[in-house]
2 protein chains.
Amino acid sequence: MPNAAQMAFSPAEYAGRLTAVRTAMAKAGLDVLVVTDPSNQNWLTGYDGWSFYVHQAVVIPLERKPFWWGRRQDANGAQRTVDPDATDIEFYLDHYVQSTVRHPMQDLAAKLRDRGLGTACVGVEMDNYYFSAKAYTSLVDALPHAKVRDATALVNWQRAIKSPAEIEFMRRAARISEKITNLAIDRAAPGVRKNDLAAEIMAAGIAGVDDIWGDYPAIVPLMPSGASAAAPHLTWNGEAMQTGEVTFFELSGCYRRYHVPLSRSVFLGKPPAYILNGEAALVDGLESGLEQARAGNRTCDIANALGDVMERAGIERGARCGYAIGLSYPPDWGERTMSLRPEDETVLQPGMTFHFMPGLWMDGWGLEITESILITEDGPAETFCSIPRKLFIKDG
Amino acid sequence: MPNAAQMAFSPAEYAGRLTAVRTAMAKAGLDVLVVTDPSNQNWLTGYDGWSFYVHQAVVIPLERKPFWWGRRQDANGAQRTVDPDATDIEFYLDHYVQSTVRHPMQDLAAKLRDRGLGTACVGVEMDNYYFSAKAYTSLVDALPHAKVRDATALVNWQRAIKSPAEIEFMRRAARISEKITNLAIDRAAPGVRKNDLAAEIMAAGIAGVDDIWGDYPAIVPLMPSGASAAAPHLTWNGEAMQTGEVTFFELSGCYRRYHVPLSRSVFLGKPPAYILNGEAALVDGLESGLEQARAGNRTCDIANALGDVMERAGIERGARCGYAIGLSYPPDWGERTMSLRPEDETVLQPGMTFHFMPGLWMDGWGLEITESILITEDGPAETFCSIPRKLFIKDG
């Protein structure tokens with residue numbers, strides 16, 4: 001079992017999280033919540049492991065002790081990372097894994113029935129990477145007397161305002177983000193193979209900064225060049241960087257699963273006017289948006305401030321310009337609650353954290369200059385990282 | 001658009017894959033298949049990008065041209081990686097992303113109706129990381145006159161027998177797997193921080209071997225030590241390796257998304273008898289299993305050969321001992337079709353590839369010695385990697 005030093009947060013902090021989730025469950029009329037999002041599982045219990053490729057969950061009954069549930073061999077991992085005083089550990093046998101004749105959710109349904117929850121109102125995270133369509137239909141079929149309800153993001157929303165301990169973790173992640181972004185800017189040069197640069201970035205991030213050891217980021221380095229930078233999610237290949245191209249680096253340090261993403265762009269050579277114009281608009285838009293990123297304002301105020309600048313510059317973006325961040329696992333370092341966009345009207349509160357990310361993905365080129373931010377008690381948001389907010393030009 | 005050199009395989013190879021999938025679709029009575037597994041999307045069209053955290057699909061009508069469908073900004077990535085002669089590109093607007101009021105599958109349903117497929121028999125990959133419960137219910141609700149049917153693994157099964165070009169990619173991945181496994185064995189020593197070693201392994205894998213550039217593996221280095229090695233899926237932390245502990249390294253090189261995983265274990269100091277007994281059983285079991293890994297035998301024959309050795313050694317494993325491998329994306333480098341276990345009776349055919357992985361996850365310790373294998377025309381399987389099949393002991 002983990003000792004207190006191995007747990008990321010205090011027992012009191014975990015207990016407070018559980019209480020917040022149960023309050024939200026009661027409000028939603030749920031008797032029990034099946035938490036399949038690995039970041040929610042970690043946030044609630046400390047469970048950590050690359051085992052989310054098989055079905056697993058943290059189950060929160062409204063009134064009984066929660067339990068972690070997963071594959072038998074991963075129960076060993078739960079014993080190493082979860083506080084047994086707060087969370088029981090249950091498992092299913094290996095013949096449920098990737099079987100065509102039985103599904104792990106049948107095992108979970110039996111365990112719910114054993115706890116008298118066979119007729120309960122069961123919340124599930126319907127729109128989540130790790131709660132498949134088959135998991136849903138299997139659970140519904142195996143619990144014919146239960147009411148299965150959508151509770152997507154119920155836990156994620158409880159995570160929106162970070163505790164002081166979480167903010168400290170994010171500050172540590174930010175030190176790593178700064179280190180790898182500076183490294184990318186420093187090393188980018190004509191002839192450097194993209195994969196070699198990705199290797200250096202990844203290694204520097206995992207090595208971390210002093211005793212801030214680096215965890216794996218939920219997204220690998222995104223660093224497309226030239227015409228490929230029109231596409232935000234291409235990864236690297238074995239080609240060399242070339243003069244005359246812009247490359248953006250969208251990177252994040254990770255400390256104990258907390259992320260602080262950051263993007264900066266590098267031009268090798270002398271940039272054309274349209275790229276300099278894009279840079280000017282992005283920097284203006286960022287600064288305009290940051291000015292609005294204050295407690296009491298709304299998420300859309302940030303997006304609209306950016307949008308006004310973009311419109312004046314004649315640039316049509318279309319995409320949202322940011323999202324909540326914090327604890328995460330692959331495939332996404334976003335928290336999947338608030339988005340920075342005109343239709344999102346969430347009121348900003350101190351302790352909320354976002355990646356404010358107005359990327360440009362244009363016809364034949366792209367540019368990203370972004371900031372991860374913390375909403376403060378007073379005044380404009382704090383940026384987690386401190387790297388000049390500009391296009392880096394390396395000309396000869 | 002990608003040129004022929006940028007595509008991983010020839011147009012003829014992609015065309016053959018499409019034909020195989022359509023044959024399987026016709027047999028299953030499907031008019032159209034919605035392929036949400038990113039590895040299946042890549043295998044069918046070449047699409048590559050870290051965009052699987054939003055809803056996307058390759059859609060294969062039985063009789064019309066296939067189309068890639070995803071987020072607007074990722075359509076730029078599709079244009080860079082997909083052959084437009086073979087696959088059209090469609091997209092949805094950004095206000096569908098992580099919205100609480102609309103779902104991307106509503107957009108896909110409209111595009112299916114536009115093609116006259118609103119009353120079709122639609123196959124979906126029900127048990128897949130990237131086809132959520134909500135995606136399923138949204139698609140069903142938006143296509144009230146269609147029949148939506150489970151086609152989990154229909155495409156994956158077409159991938160079971162690798163082409164010569166795919167086997168060549170796997171041989172390249174294997175060179176990277178050997179490099180990083182040798183590095184891990186070489187660098188493991190008392191006092192080495194786990195994250196620093198993970199950083200070196202990750203960097204060496206991405207740097208690759210000569211012109212074999214390294215892609216990101218679908219699973220990060222798994223390398224638990226001591227009592228944590230009882231849990232197969234724990235990742236690293238900032239603690240130092242210690243004398244008296246066994247560490248297993250489960251690693252994979254990746255070349256253009258093809259994986260060849262391999263595990264070896266290292267003991268620092270003088271191992272106790274129970275670990276040496278475990279090693280002896282594992283090596284015997286591996287060799288017994290490899291002897292059975294022949295075309296015409298069945299997957300269970302490999303598992304049973306291993307199981308007999310384990311039983312004689314008094315070791316109860318319980319877990320399956322391997323799975324099909326090939327093209328993959330996070331969170332899993334397995335192909336999710338065949339498993340090596342007593343209840344799987346698939347007949348082995350030349351060109352099939354597996355990770356034969358009999359890990360031991362015992363009470364307070366663990367050990368992994370594994371091989372990735374290719375079923376050949378004659379004789380026993382070929383191992384992709386060539387590293388001594390033993391526990392590496394570093395004593396002083």
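Numbered from 1 within each chain, the chains take letters A, B, ... in sequence-line order.
Residue His103(B) touches chain A through its side chain alone, counting heavy-atom pairs closer than 4.5 Å. Proximity to chain A (any heavy atom under 4.5 Å) is shown, for Arg320(B), by both the backbone and the side chain. Interface remark: Arg336(B) contributes backbone and side-chain atoms alike to the contact with chain A (heavy atom separation under 4.5 Å). Looking at Asn237(B), the atoms closer than 4.5 Å to chain A (heavy atoms on both sides) sit in the backbone and in the side chain alike. Contacts between Leu222(A) and chain B at a heavy-atom distance below 4.5 Å involve the side chain alone, from C-beta outward. At a 4.5 Å heavy-atom cutoff, the contact between Thr235(B) and chain A is made by side-chain atoms alone. Contact of Thr152(B) with chain A is not made at all, since no heavy-atom distance falls under 4.5 Å. Neither the backbone nor the side chain of Ile201(B) comes within contact range of chain A; no heavy atoms are under 4.5 Å apart. For Glu343(B), the part lying under 4.5 angstrom from a heavy atom of chain A is the side chain only.
Ranked by heavy-atom pairs shorter than 4.5 Å toward chain B, the options Gly205(A), Ala75(A), Gly77(A) are led by Gly77(A). Heavy-atom pairs under 4.5 Å with chain B peak, among Gly366(A), Ala230(A), Gly49(A), at Ala230(A). Interface summary for chain B: among Tyr329(A), Tyr323(A), Tyr130(A), the most heavy-atom pairs under 4.5 angstrom belong to Tyr130(A). Heavy-atom pairs under 4.5 Å with chain B peak, among Leu234(A), Thr337(A), Val220(A), Asp196(A), at Val220(A). If you tally non-hydrogen atom pairs under 4.5 Å between each of Arg102(B), Glu200(B), Glu125(B) and chain A, the highest count goes to Arg102(B).
At a threshold of 4.5 Å between non-hydrogen side-chain atoms, the residues Ile206(A) and Met202(B) count as touching. Side-chain contact between His233(A) and Tyr53(B): present, with at least one pair of heavy atoms (C-beta onward) separated by less than 4.5 Å. Contact of the Asp74(B) side chain with the Pro232(A) side chain is registered, since non-hydrogen atoms from C-beta on lie closer than 4.5 Å.
Distance alone, capped at 3.5 Å, is enough to place a donor-acceptor pair between the Asn195(B) side chain and the Ala207(A) backbone.
Considering all non-hydrogen atoms of both residues, Asn76(A) and Trp361(B) come closest at ND2-O, 3.9 Å. Here the closest non-hydrogen pair linking Tyr129(B) and Phe52(A) is CE2-O, 4.3 Å. Across all non-hydrogen atoms, the minimal contact from Asp332(B) to Gln98(A) is OD2-NE2, 3.7 Å. The minimum heavy-atom distance between Ala133(B) and Tyr136(A), with the atom names listed, is CB-CB, 3.5 Å. Taking both residues in full, the closest heavy atoms of Trp213(A) and Trp236(B) are given as CZ3-O, 3.5 Å, listed atom of the first, atom of the second, then distance. Nearest heavy-atom pair, Ala218(A) versus Trp50(B), reported as atom, atom and distance to 0.1 Å: O-CZ2, 3.1 Å.
Listed by first and then second residue, the salt bridge (Lys or Arg N to Asp or Glu O under 4.0 Å) pairs that reach into residues 46-57 of chain B come to none, sequence neighbours excluded.
Atom CG of Asp94(A) is separated from atom CZ of Arg317(B) by 8.0 Å, given to the nearest 0.5 angstrom. We find the CD-CG distance between Gln79(A) and Asp363(B) to be 8.5 Å, quoted to the nearest 0.5 Å. How far OG1 of Thr100(A) is from CG of Asp127(B): 11.0 Å, rounded to the nearest 0.5 Å.
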query = Could you walk me through whether Asn128(B) and Ser132(A) pass the side-chain hydrogen bond (donor to acceptor under 3.5 Å, both in side chains) check?
reply = CA-CA 6 Å; Asn128(B) 194 288; Ser132(A) 70; over 6 Å; no

